[in-house]
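Quick note on labels: first sequence line is chain A, next is B, and so on, each numbered from 1.
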Amino acid sequence: MQKEMAYSFPDEVLKHVFSFIQSDKDRNAVSLVCKSWYEIERWCRRKVFIGNCYAVSPRMVIRRFPEVRSIELKGKPHFADFNLVPDGWGGYVLQWIAEMAGAYPWLGEIRLKRMVVTDESLELIAKSFKNFKVLVLFSCEGFSTDGLAAIAASCKNLRELDLRESEVDDLSGHWLAQFPETCTSLVSLNISCLGSDEVSFSALERLVDRCPNLRSLQLNRAVTLDKIANILRRAPQLVDFGTGNYAAELQPDVFSNLAGAFSSCKELKSLSGFWDVVPAYLPALYSICPRLTSLNLSYATIQSPDLIKLVSHCPRLQRLLFLIQVLDYVEDSGLEELASSCKDLQELRVFPSDPFGVEPNVSLTEQGLVAVSLGCPKLQSVLYFCRRMSNAALVTIAQNCPNLTRFRLCIIEPKTPDYLTLDPLDAGFGAIVEHCKDLRRLSLSGLLTDHVFEYIGTYGKKLEMLSVAFAGDSDLGLHHVLSGCESLRKLEIRDCPFGDKALLANAAKLETMRSLWMSSCAVSFGACKLLGQKMPKLNVEVIDETEPPDSRPESYPVDKLYIYKSVAGPRFDMPPFVWSMDEAVKILH
Amino acid sequence: MSKPIEHDYIGLSEQQLPSMEKSSDKKDGLHLKDTELRLGLPGSESPEREDHDQNVLSLKSFVSGAKRGFSDALDGGGNWVFSGGSGGGTEGLFSPRRGGKNNGGKDLSGSDSGSVLKDGAAQKPSVVQEKKPQVAATSSHGNGNIAPASKAQVVGWPPIRSFRKNTLAAHPPKNDDGDGNAEAKLGSGCLYVKVSMDGAPYLRKVDLKIYGSYKDLSSALEKMFSCFTIGQCGSHGVSSGDGLTESRLIDLLHGSEYVLTYEDKDGDWMLVGDVPWEMFTDWCKRLRIMKSTEAIGLAPRAMEKCKNRT
């Protein structure tokens with residue numbers, strides 16, 4: 001009687017119920033209940049997220065989920081953002097597209113991050129999916145405006161084209177003109193990464209004109225300030241806008257035109273862009289400032305009190321990305337002002353304008369962050385570059401902001417100690433993990449011993465991603481993290497004295513994580529081979545551009561190591577400088 | 001700090017792990033045995049390898065032998081040449097610029113491995129990147145091989161996305177100080193340009209700012225692309241740098257010679273080496289290692305252009 005309840009609903013009913021379950025985690029849980037639920041669920045899963053494109057093969061995904069409409073894939077490890085992953089490493093999307101072209105004719109959405117996308121891939125997308133709606137290429141590379149032209153020309157109902165931070169070979173600005181006159185469906189267009197001076201502005205204007213649902217538009221640097229007003233007047237419904245350049249000679253009519261155009265955008269909540277700002281034009285924004293919830297000034301390479309003044313006009317700001325200039329007024333005092341006016345601030349990012357400068361000329365210190373932590377109790381996410389820090393400041397920040405979920409601190413000079421006491425910053429980061437119980441992401445910097453990892457292992461129970469550089473004394477540090485952080489999914493380490501012991505002792509842990517990256521550490525080739533042999537569910541890859549790891553003694557440390565769980569086995573697209581430690585692969589060589 | 005806990009490897013430790021293990025028991029940091037393991041400084045070259053210099057050297061020697069292959073075929077005066085003979089330096093792409101001094105890295109390893117690991121709180125290690133004068137100076141090693149003026153950079157540090165770095169480098173922050181000492185700012189940032197090689201399966205990117213001269217650039221490129229030529233031989237990984245591989249590489253390089261060219265801001269392709277280095281880093285948009293047969297005809301234009309510019 002009890003047993004039969006599970007089968008008493010016809011499949012259609014279950015399917016309908018499942019359609020309300022959107023999150024992957026929940027769907028995965030549903031599929032584990034029983035065989036029939038597994039079957040029903042897999043036929044009605046429409047969205048798949050694959051955090052590591054090598055964890056599973058396209059064929060496996062297609063076999064299990066035959067009716068997918070939306071896919072998200074991530075390729076290269078995070079440290080590829082900082083040029084630690086050599087070109088040619090992998091992350092090619094072509095094979096995925098090719099297989100999905102046959103299996104998912106109704107695929108409508110593709111979102112890629114850190115993948116290599118060729119023009120061929122784009123052309124295949126354009127050809128294969130009649131209902132294609134969304135293409136997001138976040139931090140991708142390998143394609144040119146020719147590929148974009150193919151997408152523009154063929155995708156009749158394209159809603160979203162977002163190329164943020166991708167590297168595009170800018171061959172011609174005319175790809176924009178490939179959008180047919182019948183295309184009126186665009187909701188979001190982000191071309192901020194394009195460098196070309198030849199963005200066909202007239203094509204852009206016409207496109208904006210005929211897309212009444214356009215909500216999000218990020219222009220590239222080539223679009224000059226005087227053109228902004230034209231665009232805005234054609235799209236007063238915009239919610240999210242990225243200017244191109246924000247510089248021009250000050251002319252009263254241009255100014256008033258611009259101010260008027262901005263004020264006609266009653267829905268505008270989010271601004272970005274602002275390359276090359278001329279401060280005299282900032283007041284043109286004042287009318288929309290009270291509505292703004294997100295402001296990205298992280299490319300505004302100008303030092304000026306006007307920037308801070310602008311920010312102080314935005315009391316509802318929740319998200320602020322800021323470029324801090326060394327030698328600038330905009331410093332701790334600026335952040336203090338910010339803290340007093342933006343009480344709703346949830347996310348703060350402060351970037352250095354001169355990260356390689358020899359003379360620090362310190363104008364931004366830990367005080368700025370302390371001030372924000374004090375004034376903005378809702379703060380959840382921090383990315384902060386500075387040149388000095390103290391344990392006391394970190395403790396204060398931790399106590400002020402117990403709701404932090406992401407905390408990334410980069411003290412620019414590696415191994416910088418507490419500037420007041422010259423102690424390591426163990427206690428400070430310890431306070432962060434102790435007080436911020438929901439912390440999911442943490443990046444460390446400064447002088448750190450194994451102690452900090454003890455704190456992290458003890459308190460960081462919800463920590464999912466940890467980035468470590470130039471820290472620790474011994475394997476004990478790594479052991480604390482691997483054995484203590486129950487929720488750990490991604491661990492990336494560079495230039496730390498971690499070797500074989502902790503890694504081998506916690507090998508099983510690696511199967512519960514998405515990936516582990518270690519570069520310039522002390523893990524021996526022998527240990528890598530051992531892991532590769534003993535852990536079939538892991539792909540263990542050694543990266544070495546100078547020479548093959550087996551041309552040296554086994555005790556030699558490998559240059560770079562990338563370990564990730566996979567059900568697909570070792571990959572076939574490794575370049576010559578990547579070696580798989582999988583037994584099977586080795587036999588072949 | 002208490003002794004590291006001994007762990008049972010639960011069946012994994014069938015092999016005796018190497019000397020690393022014993023040394024990690026020492027309380028005051030990792031003192032590694034002289035022979036094998038070194039913790040190279042971040043960004044520095046790979047650990048000293050006395051054991052198998054044979055293999056390494058043979059690899060390098062035919063990279064040097066490749067000098068001919070990569071040489072400037074058109075200008076016998078040797079404006080620019082791929083030189084492999086940079087004093088046995090295993091300077092890969094990621095090693096910091098040495099400001100002209102080429103040491104095989106032997107000076108580095110011995111004294112500096114201690115500096116990476118601290119024995120307690122107070123001492124700030126002197127050299128993490130062997131470059132700039134320290135701000136809070138506790139420079140204890142007084143390494144003679146630091147060239148203070150050169151700004152060698154550790155790869156990937158500080159962790160700023162290339163997109164942002166390139167954006168800032170292209171438009172360095174303006175300086176409100178009136179007399180606009182722009183040069184101070186221009187020294188910052190980095191400048192990634194794409195490098196393609198005829199026949200290679202994918203592009204590479206190099207940061208021109210980390211090289212001080214054509215020589216530095218050429219040895220780095222040589223290293224980078226020799227990997228391609230080995231790959232073309234079909235062997236995945238040279239197993240023991242023996243004569244077989246050596247001859248394959250030489251054949252490839254001697255068979256078809258290459259020259260290094262670049263695309264300048266005007267979109268013209270020029271031979272690398274004709275202009276002063278600083279000018280070059282300003283003008284160069286991308287690099288291409290092309291077969292010398294295709295490069296004929298570049299020289300005259302290059303000369304002319306330089307005349308017009310200077």
Side-chain angles (χ1 to χ4, degrees), chain A residues 79 81-84 87-88 165 275-276 299 301-303 325 351 353-358 360 385 410 412-415 417 422-424 450 469-470 473-476 495 497 499-501 504-505 507 520 522 524 526 530 534 545-548 550-553 555-557 559 576-577 579 589, chain B residues 1 4 7 9 12-13 15 17-21 24 29-30 36-37 39 42 46 49 51-52 55 59 90 92-93 117 121-122 124-125 128 132 135 151 153 155-164 167-168 171 173-174 176 185 188-189 202-205 227 230-231 236-241:
Chain A
F79 272 176
D81 284 353
F82 316 128
N83 295 91
L84 287 175
D87 296 325
E165 295 189 36
W275 286 290
D276 306 319
Y299 294 101
T301 52
I302 188 154
Q303 34 196 11
Q325 305 286 319
F351 297 95
S353 63
D354 189 16
F356 308 107
V358 174
F385 285 80
C410 178
I412 289 177
E413 179 69 29
K415 306 201 192 189
L422 295 186
D423 286 333
D450 285 346
F470 307 105
D473 306 314
S474 74
D475 274 51
L476 199 53
D495 295 280
D500 299 342
K501 283 182 95 160
L504 293 176
S520 305
S524 72
L530 199 55
K534 297 291 178 185
E545 288 187 281
T546 53
E547 54 192 5
D550 58 8
S551 66
R552 306 190 289 252
S555 55
Y556 256 73
D559 182 25
F577 52 81
W579 282 267
H589 287 281
Chain B
M1 179 78 179
H7 293 297
Y9 291 96
L12 287 177
S13 61
Q15 310 177 3
L17 287 182
S19 56
M20 219 8 225
E21 204 181 299
S24 70
L30 284 159
E36 294 164 311
L37 289 172
L39 289 180
S46 340
R49 289 167 209 166
D51 304 339
H52 72 127
N55 294 339
L59 187 70
T90 45
L93 174 61
L117 321 152
K124 179 180 168 177
V128 170
K132 47 194 183 181
V135 175
K151 281 174 34 67
Q153 291 162 17
V155 173
W157 191 267
I160 299 172
R161 282 198 173 154
S162 322
F163 184 71
R164 179 172 296 279
T167 307
L168 291 179
H171 289 247
K174 297 193 199 84
D176 260 354
K185 289 297 183 186
S188 66
Y202 46 79
L203 298 178
R204 305 300 308 264
K205 289 195 278 279
C227 145
I230 293 173
H236 182 129
V238 178
S239 57
S240 50

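No cation-pi contact links B/Arg161 to A/Phe82, judged by a cut-off of 6.0 Å to the six-membered ring centre and 45° from its axis.
Taking 4.5 Å as the limit, some side-chain heavy atom of B/Ile160 sits within range of a side-chain heavy atom of A/Phe385. Within the 4.5 Å cutoff, the side chain of A/Asn83 has heavy atoms near those of the B/Ser162 side chain.
The two residues B/Trp157 and A/Ala469 come nearest to each other via the heavy atoms CZ3-CB, 3.5 Å.
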